[in-house]
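Here the structure is laid out as C-alpha cells; the discussion comes afterwards.
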Amino acid sequence: MGNVFVLAEHRQGALRDITFEMLRVAPNVAKELGGEVNVLLLGYNAEAMAERIAGYGVKVLVVDDPLFENFNADKYQQALSKLIDTCKPSLVMVGQTAQGVDMAPALAVEKNLPFVSDIIGLTVEDGTLKATRQIYSGKVNAQIAFKPADTYLVTVRESAFEAPDASVAGLVEKIDSPIKEDLDYRKFVEYIEAEVGDVDITQSEILVGIGRGLKEEKNLPVVQELAKAIKADLCGSRAAVDAGWLPHDRQVGTSGKAVKPKLYLALGISGAFQHIAGIKGAKTVVAINKDPEAPIFAVAHYAIVDDLFKIAPKLAEKLKELKG
Amino acid sequence: MKIFVCIKYVPDTSEAVVKVNAEGTAVDSSRFSFDINDADNYAVEESVQIKEKYTGTVTVLSIGPKESEVMIRMAMAKGCDNAVRVEDARIAAFDPLLLAKVLAGAIKGQEFDLVLTGCMAADDGQMATGVALAEELGVAHAAMVKKVEILEGKVKAYRELEGGLMEVVEVALPAVLTIQTGINEPRYAPIRGIREAQKKELKVVGLDDLGVAAGDVDASASRIVVEKLYLPEVVSSAEFIEGEPEQKAEKLASILVKGGLV
Ligand SMILES: Cc1cc2nc3c(=O)[nH]c(=O)nc-3n(C[C@H](O)[C@H](O)[C@H](O)COP(=O)(O)OP(=O)(O)OC[C@H]3O[C@@H](n4cnc5c(N)ncnc54)[C@H](O)[C@@H]3O)c2cc1C
Ligand SMILES: Nc1ncnc2c1ncn2[C@@H]1O[C@H](COP(=O)(O)O)[C@@H](O)[C@H]1O
C-alpha cells in the first residue's frame, strides 16, 4: 500500500497553515490505508521549512531546486504527476487554496484520479475512502465515497481542521527534482502586495461589517450612522467590496483581512466560510440577518433574526442615547 | 479574439430555506430562484470587454435546463454573440471533472483564443471545472484571475491569492482563465441589446451532437459516488434576542453598553 502525500504550501518563503492543518487527518487516513504520511515540499532554499514540518513527526520529501522558487501550477502538476508514477501514493492531499485550485483539478484529469474538492472531512470506512464537503454555501453537507483506485486526490478546505501540535522529530529526505526544465507556456512574473488604505481594520477595536443584505450603495448611511454611534470602523464581505460599496482594504475574510476586534457587528452577511475565517479573532460577534438559517449565526454570540433596516437605525439611536 | 465563456444557472440560496429529501438523495429546489452564477457574470463582462477592445466573437456555453435560456439571452444582450446550451439527462452533473469533459466536447475542434469560466459556482463550490477544462483541452490556464492583460500570443493574468496578494503570471494563448468576482463592473443589459439577443443564435445540443460518449460522462464514468446529502447540525451558542424589531434593537443596545463592548 502506498503512503499519503501531503503537499506543503508555502509562499514568499513562509509555510502556510493549511500544510499543518492537513496533518490533523492525514495520519489516521494513512494508517487505515496501510501507509505513512509523507509531506512533499517543492521549494528552493527550503531547508528551514522542511525541518519545521519534520517536527510534526512525519517524513518530509524535499525537492530543493531553483525551478520551484515560486509557485507555478504547471510545474507542480508535472512534478506530482511524476512522483505519483514513481512513489504510487494511495492519497494526495492538497490545500483548497489559490495554489491548490490552480493545480489539483488538472492533475486529477491528467492522471484520471478520483477527486473531491474542498473537503471538510475524510475517513476510511470498511476500506472505502469517504469525504465530506459542503454545497449551497454551507447549507447542505454531502458525503462522498471514492470508487476504488490506486491513488486518490483531495483538496482540503482551509481552517476546516485544527493543526496538531508539533511532536517528535521526523525525517527530511532530499529527492531529485522530477522536472528538469523551466516551462515556456506559464511563467511567474511577480507578486503585488494588497493596497493599504486609510484605516487598518486589523487594528480596529470595533467593526461594523456589511454584506450583500445592504442591497444598494445608497443605503450606506444606515450603517455609517450606526458605526459613528459606537466609533466603529466599517468593513464588509467580499460581496460588499465587489459591489463597490467599500474599498478592497476593508474586506474581511480569506482573500481580505483577518480582523480581531473586541466587537464585530455583522449586518446582512450570510457567513460564508471565507468570511468567517476572517473573524475568528473577534471576541464578540453580533449578527443581524433576516435568514434564521444563515451560517453566520453559528459563530455569533448575540443574534437578531430580522431586517437590518428595521434594526440598525433604532440600534444607533438607542446606543447614542445610552452612551450619552 | 475568439472567446468562449462558460456560465452556470445556479439557485440563490442565501435567503432560502434548504430542505433535503428523506432519502438524502436530493435537495428540494422547487422554490429557489435561479440566475447566473456570480463569478460567471463577471466572466461574461470580461469577455465582452476583451471583445470590444480586440474585436472578435464571444460564445456562451452552458450545461443546464431550458429555463436557463433567460440567463443565456441576458448574456447575449450584454454583447455575447451566440450560445450553445447543452442538455442531456445522462450527464453526471455532480462531478466537475465530467462537466469539464462535456464543456471540452463543445469547444474541441473549433479555434479559440480564450475560454473564461467563473472561479467558483455558488451552488457546488468546487472551484474545479475551469482548471479541469484547460487540461481536457490541452491548453494553459490561470485560476482566480482578477485582472487580464492581453499580450502578443500570451496573456498576463493577475491571480488573487489569500490576503489580497496578487500573483502575476504569463500564460500562452490559447488559455483558460477562471475569473474571480470583482474583476470589473458587470454592465446592465441595454434595452436594444435585449431586443437583439432574441435574434442571436442559441443552439441546444445533447451529448450525441457533441460526439461525447455518454459512457464517458455519466454516473458510471464518475470515480466518485454521492452517498448522502444532509443538513449540517448547526450548533449555535448565540443568544437570540427576541421581540418586535424596536425591542430587539433596544435589548441589544443595552447588552452592548452593559457588557462594556461599546
Ligand atoms: C476564492 C474565494 C475567496 C473569497 N474570499 C472572501 C472573503 O475574503 N471575504 C468574504 O466575505 N467572502 C469571500 N468570498 C465570497 C464568499 O464565498 C461569499 O460569496 C460572500 O462572503 C457572500 O457575501 P455576503 O454574505 O455579503 O452575501 P450573501 O451570501 O448573498 O448574503 C447576504 C445575506 O444578507 C441577508 N439579508 C438580505 N437582506 C437582508 C436584510 N434586509 N436584513 C438583514 N439581512 C438581510 C441574507 O439573508 C443573506 O444571509 C470568497 C469566495 C471565493 C471563491
Ligand atoms: N453546468 C455548467 N455549465 C457551464 N459552465 C459551468 C457549469 N458548471 C460549472 N461551470 C463553469 O465552471 C465554473 C466553476 O464551477 P465549479 O468548479 O463547479 O465551482 C463556473 O463558474 C462556470 O463558469
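Remember, it's a predicted structure, so these values are computed and weren't measured experimentally.
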Name the region of [X], side chain, backbone, both or neither, that has any atom closer than 4.5 Å to a heavy atom of chain A.
| X | value |
| --- | --- |
| B/D38 | side chain |
| B/K19 | neither |
| B/F94 | neither |
| B/A134 | neither |
| B/M127 | both |
| B/A121 | neither |
| B/L229 | both |
| B/V226 | both |
| B/V131 | both |
| B/T178 | neither |
| B/V225 | both |
| B/P96 | neither |
| B/L133 | neither |

**OP:** Decide if atom CD of A/E190 counts as having more than 12 heavy atoms of other residues, nucleotides or ligands within a radius under 6.0 Å.
**Re:** yes

Original post:
Does atom NZ of A/K320 have more than 12 heavy-atom neighbours from other groups under 6.0 Å away?
Top reply: yes

Between chain B and each of [options], count heavy-atom pairs under 4.5 Å; write down the option with the most.
| options | value |
| --- | --- |
| A/E193, A/E293, A/K231 | A/E193 |
| A/T132, A/I230, A/D306, A/V286 | A/D306 |
| A/K257, A/Q77, A/R16 | A/R16 |
| A/L315, A/N141, A/I288 | A/N141 |
| A/Q251, A/E321, A/E195, A/Q96 | A/Q96 |
| A/M103, A/E158, A/Q99, A/Q134 | A/E158 |

Let me know if [X] has heavy atoms under 4.5 Å from chain B in its side chain, its backbone, both or neither.
| X | value |
| --- | --- |
| A/H248 | side chain |
| A/T97 | both |
| A/T155 | neither |
| A/Y152 | neither |
| A/V305 | both |
| A/A145 | both |
| A/Q12 | side chain |
| A/V140 | both |
| A/N112 | both |
| A/K283 | neither |
| A/D291 | side chain |
| A/P148 | backbone |
| A/E205 | neither |

Euclidean distance, [Y] [atom2] relative to [X] [atom1], rounded to 0.5 Å:
| X | Y | atom1 | atom2 | value |
| --- | --- | --- | --- | --- |
| A/Y136 | B/D124 | OH | CG | 8.5 Å |
| B/L256 | A/L319 | CG | CG | 6.0 Å |
| B/L261 | A/K262 | CG | NZ | 7.0 Å |
| B/D123 | A/I135 | CG | CD1 | 8.0 Å |
| A/I304 | B/Q247 | CD1 | CD | 11.0 Å |
| A/I296 | B/S236 | CD1 | OG | 10.5 Å |

**OP:** Quick one: do B/E160 and A/R238 satisfy salt bridge (Lys or Arg N to Asp or Glu O under 4.0 Å)? Show the steps, please.
**Re:** CA-CA 13 Å; B/E160 189 191 52; A/R238 178 164 197 127; 2.7 Å; yes

Subject >> Stepwise salt bridge (Lys or Arg N to Asp or Glu O under 4.0 Å) check, B/E170 with A/K187 >> reply: CA-CA 5 Å; B/E170 283 180 0; A/K187 290 210 181 308; over 6 Å; no

Please find the pair of heavy atoms, one from [X] and one from [Y], that lie closest to each other, and give the distance.
| X | Y | value |
| --- | --- | --- |
| A/R186 | B/A142 | NH1-CA, 3.8 Å |
| B/I224 | A/F115 | CG2-O, 3.9 Å |
| B/A219 | A/K147 | O-NZ, 3.1 Å |
| B/Q126 | A/S117 | OE1-OG, 2.7 Å |
| B/K248 | A/I311 | CB-CD1, 4.1 Å |
| A/G138 | B/P232 | O-CG, 3.6 Å |

**OP:** I would like to know whether B/E15 and A/K139 meet salt bridge (Lys or Arg N to Asp or Glu O under 4.0 Å); could you show each step before the answer?
**Re:** CA-CA 11 Å; B/E15 293 173 43; A/K139 288 195 169 181; over 6 Å; no

Original post:
Any luck finding a side-chain donor-acceptor pair between B/H141 and A/D74 under 3.5 Å?
Top reply: no

Original post:
Would B/S14 and A/R212 count as having a side-chain donor-acceptor pair, cut-off 3.5 Å?
Top reply: no

**OP:** Could you please spell out the steps behind the salt bridge (Lys or Arg N to Asp or Glu O under 4.0 Å) verdict for A/K318 and B/E246?
**Re:** CA-CA 10 Å; A/K318 229 29 228 176; B/E246 206 175 311; over 6 Å; no

Subject >> Partner chain A: residue of B/M120, B/M166, B/M144, B/K156 with the largest heavy-atom pair count (under 4.5 Å) >> reply: B/M166

Original post:
Is a side-chain donor or acceptor of A/R133 paired with a backbone partner of B/G125 at a separation under 3.5 angstrom?
Top reply: yes

Original post:
Is a donor on one side and an acceptor on the other found under 3.5 Å between the side chain of B/R159 and the backbone of A/A98?
Top reply: yes

**OP:** Report the C-alpha separation of A/F297 and B/F240 in whole Å, then their side-chain angles, then the decisive distance to 0.1 Å, and conclude whether the ring-ring contact (aromatic ring centres under 6.0 Å, His included) test is met.
**Re:** CA-CA 9 Å; A/F297 290 132; B/F240 281 81; 5.3 Å; yes

